[in-house]
Chemist: 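A single structure is presented below for examination.
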2 protein chains.
Amino acid sequence: MDQSTEEKIKTAARKIFHEKGYSGTRTRDIAEEAGINLALLNYYFRNKKRLFELVMSDSLEDFFSSIRGAFVDTSTDLDQKIQIIINNYLDQLTANPNIPIFLLNELRSNPDALVKKSELRGVLNSSSFMQQLEERLKETKQTGINPFHLIVNILGLTVFPFMASPMIKEMRQINDEQFMAFIEERRTLIPQWIQLMIKK
Amino acid sequence: MDQSTEEKIKTAARKIFHEKGYSGTRTRDIAEEAGINLALLNYYFRNKKRLFELVMSDSLEDFFSSIRGAFVDTSTDLDQKIQIIINNYLDQLTANPNIPIFLLNELRSNPDALVKKSELRGVLNSSSFMQQLEERLKETKQTGINPFHLIVNILGLTVFPFMASPMIKEMRQINDEQFMAFIEERRTLIPQWIQLMIKK
DNA sequence: AGTTTTTTTAATCAATTGATTAAAAAAACT
DNA sequence: AGTTTTTTTAATCAATTGATTAAAAAAACT
């Protein structure tokens, strides 16, 4: 495990920024986590802000990358895509449960970070998935419904429980392991629910 | 508008804490927002932490209070309750769009705040709504599904778009007004989707 | 009207935080 | 082996932040 100092800092910064957000994170926290001298943060990354922007950009990329493939793939049909998107998201969120709340909380004060990812908008809006959704809504006589609602629903059913995990755990008096079992139950349920919304 | 100084501080604190979170908020921000002298925060509330805990407690109360009535009301049936809960939530979130992300972000670092509201767990778990949900799942041969999933779904479909509003606005290139129109569309759609999940 | 209590103010302080500095150590180059 | 460049270190600094202080002003009490 011979990580360079620069890599050590990045890894540590990702972890701590995800947990504490930008203003809750001290550069000393990152240095401690990385096991390096505090001044190295400025030597390698100039200042806290730059390091954060790097982590923010990477995290946005991570958030979208696990589903981009499924969105644009023309060889799968709508039902397959729904399954793949939800599965890929659950896998990714299981590995990085802090990403959604981190991203959405930071985007509140700095929405511009997303503008730099404007390419994603293009990908999403012209995706095979979007077209297939529109066609399905036509077939099911639901043309009054903006297909974007369905995308929000997939995200809401998949992502929200991770963001609300403290509340869910407290309300149901369950531990982390039991929470993850709850999430696994949803792996098959969410696609079924989405299917009901666009049923032929 | 003869608010006392104490009230002015509370109002300002709620606003700023909701926007910036605990660590992103300086006591000077609150004082400026309230139009009062900085030292008055300590005079009236002793320190930043106490003021925050007060705002946190109130905000949790607000988050749950708009739906508590509907949960325990025994004179309405399940379908009516779903409608009322979603409507009440949308009204409340429209008035205070920052509450969910504020609460869930702060609960990540301090879940204990919720333990102080443990009474809510009792209310939820023994509520008329919960019982009606269980009965409906029985009637529809879905006894393998924990009814709590449906509650998470209602929240996910209702609350998540508010939390994700920066992303939704950017992805669809819409302004605040258009975002609220998007939310209003969901007012009738969400109950329909939920009904599909528990359809007889 | 005088006295006491409460509220407010501007200045100041102690601690913290992001950042800088100068020197030492290590690596790379000749 | 000597020189140059890069990396690391511990100390220090400048700015910021939550909090305190002492005095003035206002309100309440007698």
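In what follows, chains are A, B, ... by sequence order, proteins preceding strands, each numbered from 1.
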Chemist: Please give, in whole Å, the distance from C:dA10 C1' to B:Leu41 CG?
Modeler: 16 Å
Chemist: For A:Gln92 and A:Asp62, test the side chains for any donor-to-acceptor distance below 3.5 angstrom and give the result as yes or no.
Modeler: no
Chemist: One pair to check against salt bridge (charged side-chain N to carboxylate O under 4.0 Å, His left out): A:Arg68 and A:Glu61. What are the steps and the verdict?
Modeler: CA-CA 10 Å; A:Arg68 189 195 266 114; A:Glu61 191 62 40; 3.3 Å; yes
Chemist: Just checking, is any N or O donor in the side chain of A:Glu6 or A:Ser4 under 3.5 Å from an acceptor N or O on the other one?
Modeler: no
Chemist: When you compare the protein's N or O atoms with those of nucleotides 18-28 of chain C, which come within less than 3.5 Å of each other, and at what distance?
Modeler:
unit_1	atom_1	unit_2	atom_2	d
C:dG18	OP1	A:Thr25	O	3.2
C:dG18	OP1	A:Lys48	NZ	2.9
C:dG18	OP2	A:Thr27	N	2.7
C:dG18	OP2	A:Thr27	OG1	3.0
C:dG18	N7	A:Arg28	NH1	2.8
C:dG18	O6	A:Arg28	NH2	3.2
C:dA19	OP2	A:Lys48	N	2.8

Chemist: Side-chain donor-acceptor pair under 3.5 Å between B:Arg108 and B:Asn105, yes or no?
Modeler: yes
Chemist: Enumerate, in order of first residue number, the stems that involve DNA chain D, defined as 3 or more consecutive Watson-Crick or G-U wobble pairs with both distances under 3.5 Å.
Modeler: C:1-30 with D:1-30
Chemist: Are any of the side-chain heavy atoms of B:Gln83 and B:Gln80 separated by less than 4.5 Å?
Modeler: no
Chemist: If we ignore angles and hydrogens, is there a donor and acceptor under 3.5 Å between the side chains of A:Lys81 and A:Thr76?
Modeler: yes
Chemist: Check the phosphate of C:dT7 against B:Thr5, side-chain N and O only, distance under 4.0 Å to OP1 or OP2. Yes or no?
Modeler: no
Chemist: Over how many whole Å does the gap from B:Asp29 atom CG to D:dT16 atom P extend?
Modeler: 13 Å
Chemist: To the nearest 0.5 Å, what is the distance between CG on A:Asn88 and OG1 on A:Thr158?
Modeler: 11.0 Å
Chemist: What is the distance from CG of B:Leu51 to C1' of D:dT17, rounded to the nearest Å?
Modeler: 15 Å
Chemist: When rounded to the nearest 0.5 angstrom, what is the spacing between CZ in A:Arg26 and CG in A:Leu38?
Modeler: 9.5 Å
